[in-house]
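Report on the structure given below.
Since we're looking at a predicted model, the values are computed, not measured. Both backbone and side-chain heavy atoms feed into the values below; hydrogens, waters and symmetry mates do not.
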Amino acid sequence: MSVAILCPGQGGQTPDMLERWEGDQRYRDARDMLASKLPWDVAELARDQQRSTLNRHAQALICL
């Protein structure tokens, strides 16, 4: 199996951008690992349109 990772450009975030991946264990593992390293909840942050576009938050969300 091949895996392609497509990341939106900064500014392409949407409030539901992470929810569509919830059924994928690989996503949940990556989210949990990232969440353990950050001082904020990445799922909650993704749903916040204003905060998710701030550079300090956007970079982590886009890569996730």
Side-chain angles (χ1 to χ4, degrees):
M1 176 195 316
S2 298
V3 175
I5 299 174
L6 305 174
C7 299
Q10 190 162 336
Q13 303 90 310
T14 61
D16 67 340
M17 67 184 261
L18 299 180
E19 291 174 15
R20 65 186 88 172
W21 295 100
E22 283 297 323
D24 188 310
Q25 184 63 47
R26 294 167 298 185
Y27 159 75
R28 292 192 309 269
D29 291 344
R31 178 205 58 208
D32 293 346
M33 184 276 303
L34 181 62
S36 73
K37 311 269 187 240
L38 296 174
W40 54 78
D41 180 305
V42 293
E44 178 185 325
L45 181 63
R47 289 188 296 270
D48 185 329
Q49 189 68 37
Q50 259 186 329
R51 288 178 42 211
S52 70
T53 58
L54 297 175
N55 192 53
R56 65 182 285 180
H57 302 140
Q59 296 301 316
L61 293 174
I62 290 167
C63 291
L64 177 61

Enumerate, atom names and distances included, each donor-acceptor pair closer than 3.5 Å involving a side-chain atom of residues 33-41, sequence neighbours excluded.
residue: Ser36; atom: OG; partner: Met33; partner atom: O; Å: 2.7
residue: Asp41; atom: OD1; partner: Ala43; partner atom: N; Å: 2.9
residue: Asp41; atom: OD1; partner: Glu44; partner atom: N; Å: 2.8

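Within a 6.0 Å sphere centred on CD of Gln25, heavy atoms belonging to other residues, nucleotides or ligands number more than 12.
Heavy-atom minimum distance, Tyr27 versus Trp21: CD2-O, 3.3 Å. Smallest separation of non-hydrogen atoms from Ser52 and Leu45: CB-O, 3.5 Å.
Glu22 contributes atom CD, which lies 4.5 Å from atom CZ of Arg31 (distance to the nearest 0.5 angstrom).
Arg51 meets the side-chain hydrogen bond (donor to acceptor under 3.5 Å, both in side chains) test with no other residue; sequence neighbours excluded.
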